[in-house]
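Each remark here refers to the structure printed beneath this line.
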Protein chains: 2
Amino acid sequence: MAKRKISTFGEYIRQLRENAGLPLRKVAAQLDIDPSILGKIERNDRQPSKEQIKKLAVIFDQDENYLLSEYLSDQIAYKVLEEESNFDILKVAEKKVAYLKTKKNG
Amino acid sequence: MAKRKISTFGEYIRQLRENAGLPLRKVAAQLDIDPSILGKIERNDRQPSKEQIKKLAVIFDQDENYLLSEYLSDQIAYKVLEEESNFDILKVAEKKVAYLKTKKNG
DNA sequence: TTTGTTCGGACATAATTTGTCCTAATTAAA
DNA sequence: TTTAATTAGGACAAATTATGTCCGAACAAA
């Protein structure tokens, strides 16, 4: 697995788009949305839908699951930042994931 | 810090309520909502609001931030479970938290 | 300038959330 | 067993939030 450069989802998409030398207009057309929305997604002002993430993966030749993981980790980071106190909620969350998995299976 | 027993937020609240020997009706009244909603919260069928979490903390004499961390870690666990692939999104999220913090400060 | 891109707000519509109310199922008490 | 109370869960309405369009301002490049 290649090393992940840490940035927000929006920044990542913007980078991909600029590297491809495409204006918002072009990519937005492929996503079938208004350019201003894509601009907002790149500024982390709006959330992309799963469908849009899928299309972005195709457009920029990215692994779909990788891009989805970029998105979800963003979402999680924002949730963590909601907390001001010192509880390590990522550690707790990790345990809950295990708990919920065993619960589902039995 | 006392050891955290891992369970979902809803299960945790239910336990607190049953330990206190209170019916949904009583606690719901204090939260100023219908008992069925509280029941759903305890079955993880509905999300509590921040305001409700605050009130629950008071009712059951819990630290508000602790209870909030119980809630947020739940939310995060559910997000993680959305992902089927093997990317360790909690690790990525952790790095993004650091990234966003330095970004905010400078 | 002129042209194209990006930013960001006002607005409409769609989707989701939040709560009430009611009935059925379950549990506890008499 | 009967009766009463609690809990489960669905239909519905209202409120809130999300999603997208459209437009004009700001900015950049030609």
Side-chain angles (χ1 to χ4, degrees), chain A residues 7-60 67-68 70-79 81-82 100 103-104, chain B residues 7-60 67-68 70-72 74-79 81-82 103-104:
Chain A
S7 65
T8 66
F9 181 82
E11 287 167 354
Y12 185 63
I13 296 297
R14 172 146 297 186
Q15 190 138 43
L16 289 172
R17 182 175 61 78
E18 290 181 342
N19 286 350
L22 297 168
L24 288 170
R25 181 174 55 79
K26 284 282 191 187
V27 176
Q30 288 194 257
L31 293 175
D32 193 28
I33 56 172
D34 194 272
S36 85
I37 298 244
L38 180 56
K40 281 163 190 166
I41 289 173
E42 292 186 353
R43 279 173 275 128
N44 301 302
D45 236 39
R46 288 264 180 126
Q47 305 307 323
S49 69
K50 293 257 167 91
E51 218 29 68
Q52 288 163 347
I53 292 171
K54 201 179 219 164
K55 285 180 186 168
L56 286 167
V58 172
I59 294 168
F60 297 122
L67 208 53
L68 186 60
E70 269 300 317
Y71 171 69
L72 288 173
S73 56
D74 249 50
Q75 297 303 103
I76 291 171
Y78 297 140
K79 279 222 176 291
L81 291 172
E82 279 184 47
L100 288 168
K103 209 175 167 216
K104 197 182 69 177
Chain B
S7 65
T8 65
F9 182 83
E11 288 166 355
Y12 185 62
I13 295 298
R14 173 146 297 187
Q15 191 138 43
L16 289 173
R17 182 176 60 80
E18 290 180 342
N19 286 349
L22 297 169
L24 288 171
R25 182 174 55 78
K26 284 282 192 188
V27 177
Q30 289 195 257
L31 293 175
D32 193 28
I33 55 172
D34 193 273
S36 84
I37 298 243
L38 180 56
K40 282 163 189 165
I41 289 172
E42 292 186 352
R43 281 173 274 127
N44 301 302
D45 236 39
R46 290 263 180 125
Q47 306 307 322
S49 69
K50 293 256 167 90
E51 217 31 65
Q52 288 163 348
I53 292 172
K54 201 178 220 164
K55 286 181 185 167
L56 286 167
V58 173
I59 293 168
F60 297 122
L67 207 53
L68 186 60
E70 269 300 316
Y71 171 69
L72 288 173
D74 249 51
Q75 297 302 104
I76 290 172
Y78 297 139
K79 280 223 175 290
L81 290 171
E82 279 185 45
K103 208 174 169 219
K104 198 183 65 175

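The sequence lines fix the lettering, A, B, ..., with proteins before strands; numbering per chain opens at 1.
Here dA8(D) presents its C1' atom at 12 Å from CG of Asp34(B), a figure rounded to the nearest Å. If you measure from atom CG of Leu38(B) to atom C1' of dG19(C), you get 13 Å, rounded to the nearest angstrom. Nucleotide dT5(C) holds its P atom 14 Å from the CD atom of Glu42(A), rounded to whole Å. The interatomic distance linking Lys50(B) (NZ) with dT17(D) (P) rounds to 12 Å, in whole Å. Separating the CG atom of Asp45(B) from the C1' atom of dT17(C) is a distance of 13 Å, rounded to the nearest angstrom. Protein atom CD1 of Ile41(A) is 11 Å distant from nucleotide atom C1' of dG20(D), rounded to whole Å. Look at CD on Glu18(A): it is 13 Å from P on dA28(D), rounded to the nearest Å. Going from atom CG of Asn44(B) over to atom C1' of dA8(D) covers 15 Å, rounded to whole Å.
Side-chain contact between Glu18(B) and Glu42(B): absent, with no pair of heavy atoms (C-beta onward) separated by less than 4.5 Å. Counting only heavy atoms from C-beta outward, the side chains of Arg17(A) and Lys26(A) never approach each other to under 4.5 Å. Contact of the Gln15(B) side chain with the Asn19(B) side chain is registered, since non-hydrogen atoms from C-beta on lie closer than 4.5 Å. At a threshold of 4.5 Å between non-hydrogen side-chain atoms, the residues Leu31(B) and Ile59(B) count as touching. The side-chain heavy atoms of Lys50(B) and Glu82(A), taken from C-beta on, include a pair separated by under 4.5 Å. The closest side-chain heavy-atom distance from Asp74(A) to Tyr12(A) is not below 4.5 Å.
When the side-chain nitrogen and oxygen atoms of Arg43(A) are compared with OP1 and OP2 of dC7(C), one or more of them lie within a distance under 4.0 Å. Between Arg14(A) and dT5(C), a side-chain N or O to OP1/OP2 separation shorter than 4.0 Å is absent. Side-chain nitrogen and oxygen atoms of Gln52(A) include none within less than 4.0 Å of the OP1 or OP2 phosphate oxygen of dA18(D). Taking 4.0 angstrom as the limit, Arg25(B) places none of its side-chain polar atoms (N or O) nearer than this to OP1 or OP2 of dA4(D).
Proximity note for Ile37(B) (side chain, C-beta onward) versus dG19(C), dC22(D), dA8(D): the nearest is dG19(C). Distance from the side chain of Ser36(B) is smallest for dC21(C) among the nucleotides dA8(D), dC7(C), dC21(C). The side chain of Gln47(A) lies closest to dT19(D) when the candidates are dA8(D), dG20(D), dT19(D).
With hydrogens and angles left out, the side chain of Lys40(A) and the base of dG20(D) share no donor-acceptor pair within 3.5 Å.
DNA chain D is contacted by both Arg46(B) and Leu22(B); Leu22(B) maps to the nucleotide lying nearer its 5′ end (nearest heavy atom per residue). When each of Leu24(B) and Ile33(A) is assigned the nucleotide of DNA chain D bearing its nearest heavy atom, the one mapping closer to the 5' terminus is Leu24(B).
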Note to self: Walk me through whether Phe60(A) and Leu67(A) qualify under side chain to side chain contact (heavy atoms under 4.5 Å, CB included).
What the structure shows: CA-CA 10 Å; Phe60(A) 297 122; Leu67(A) 208 53; over 6 Å; no
Notebook entry, point to check: Should Thr8(B) and Tyr78(B) be marked as a side chain to side chain contact (heavy atoms under 4.5 Å, CB included) after you check the CA-CA gap, both sets of side-chain angles, and the distance that decides it?
Noted result: CA-CA 10 Å; Thr8(B) 65; Tyr78(B) 297 139; 4.2 Å; yes
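At a threshold of 4.0 angstrom between heavy atoms, the contacts of Ser49(A) with the nucleic acid are absent.
Where the helix from dT1(C)-dA30(D) to dA30(C)-dT1(D) starts and where it ends, the local axes point in directions that differ by 40°; five pairs per end, rounded to 10°.
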